[in-house]
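Here is the structure we will look at, set down as structure tokens.
Note that this is a predicted model, so its numbers are computed, not measured. The first residue in the sequence is number 1, and the count goes up from there.
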Amino acid sequence: TEEKDLGVWITNTLKPSNHIAHIVQRANQTLGLIRRTFTYMDCRLMKQLFTSLVRPQLEYANVVWHPCLKKDIESLEKVQHRATRMVPGLAKLPYEERLKRMDLPSLTYRRTRGDAIEVYKYLHGIYKVDSTTMLPLEISVGMKTHGHTLKLEKRRCRTQLRSNFFGFRVVDIWNSLPDSVVTATSTNVFKHGFDCFGWRNRFCEEWQVKGRRRGLPNARRSPVRGLR
């Protein structure tokens, strides 16, 4: 059984697959409408149409229904696959190259970035709620030799479904960020710092965990434009 609440389809298993199927179908219908309406298409126009009409449907409340199954992740990304192929001259290029040409980050990167922004808002009091139960800070013993000052406690969970809940899935990516990013003075400064840190993953369908700390860029090596 399923029920729609505040725009999100919820089932008795709490798995997001049904909701993802609904929003993918609606997003593909919007792409079909765009194809039938516009006789001329280029990278700039498609990016504007996709980010304003299609992508919001795929990202609404995704902190709640974050996909954990590969088939769901691929189903979401295929919508952006289709959109980039609709631009003349790009259809035969690899997906990552099409994203670079259009300066569109992958949806996987967008979800990871969105999770990190939410953690920042909780820990810095932008949301006026007590987050100590959902996002407990790591209790350090002695002097820290690595990591930043706002590391989250890595808790154990028995099921894959539980490990995909917000308070569990964000721990690794948040703890991997440098101190200069997590202690940013504002949300916009944090967003820019995260984009500089994760620039290698910006156009990737999967977040590259290994070596990301070694890949931390400086301002000269990684000119990152603001995400739209």
Taking [X] for its side chain and [Y] for its backbone only, find out whether a donor-acceptor pair lies under 3.5 Å.
| X | Y | answer |
| --- | --- | --- |
| H148 | L150 | yes |
| H19 | W9 | yes |
| S75 | D72 | no |
| Q57 | Q25 | no |
| E138 | K154 | no |
| K128 | G125 | yes |
| H66 | T112 | no |
| T37 | I34 | no |

Quick one: sort the F190 and Y120 rings into parallel, tilted or perpendicular, breaks at 30° and 60°.
parallel
If you look at every heavy atom in [X] and [Y], which pair is closest and at what distance?
| X | Y | result |
| --- | --- | --- |
| N201 | Y109 | O-CD1, 3.6 Å |
| G7 | K4 | CA-CE, 3.7 Å |
| D115 | R169 | OD2-NE, 2.8 Å |
| P105 | Q80 | O-NE2, 3.2 Å |
| P16 | W65 | CB-O, 3.2 Å |

Determine whether [X] and [Y] make a side-chain contact, defined as any pair of heavy atoms from C-beta on separated by less than 4.5 Å.
| X | Y | answer |
| --- | --- | --- |
| R111 | I73 | yes |
| P88 | M41 | yes |
| V119 | L152 | yes |
| R162 | R158 | no |

Do [X] and [Y] sit in one hydrophobic cluster, given that two such residues count as connected whenever their side-chain heavy atoms are within less than 4.5 Å of each other, even indirectly?
| X | Y | result |
| --- | --- | --- |
| V64 | F168 | no |
| V181 | V189 | no |
| L93 | Y95 | yes |
| L137 | V182 | yes |
| L31 | L53 | yes |

Judged by modelled atom types alone, do T108 and S106 share a side-chain donor-acceptor pair under 3.5 Å?
no
Is it true that T132 and D130 share a donor-acceptor pair across their side chains at a distance under 3.5 Å?
yes
Is the number of heavy atoms from other residues, nucleotides or ligands under 6.0 Å of [X] [atom1] greater than 12?
| X | atom1 | answer |
| --- | --- | --- |
| K121 | NZ | yes |
| Q48 | CD | no |
| R35 | CZ | no |
| R155 | CZ | yes |

Once salt bridge (Lys or Arg N to Asp or Glu O under 4.0 Å) is applied, do any residues pair with K78, and if so which ones, sequence neighbours excluded?
none
Once you round to the nearest 0.5 Å, how far does CZ of R101 lie from CD of E97?
5.0 Å
List the steps, then state whether side-chain contact (heavy atoms from CB on, under 4.5 Å) holds for I20 with S17.
CA-CA 5 Å; I20 291 172; S17 297; 5.7 Å; no
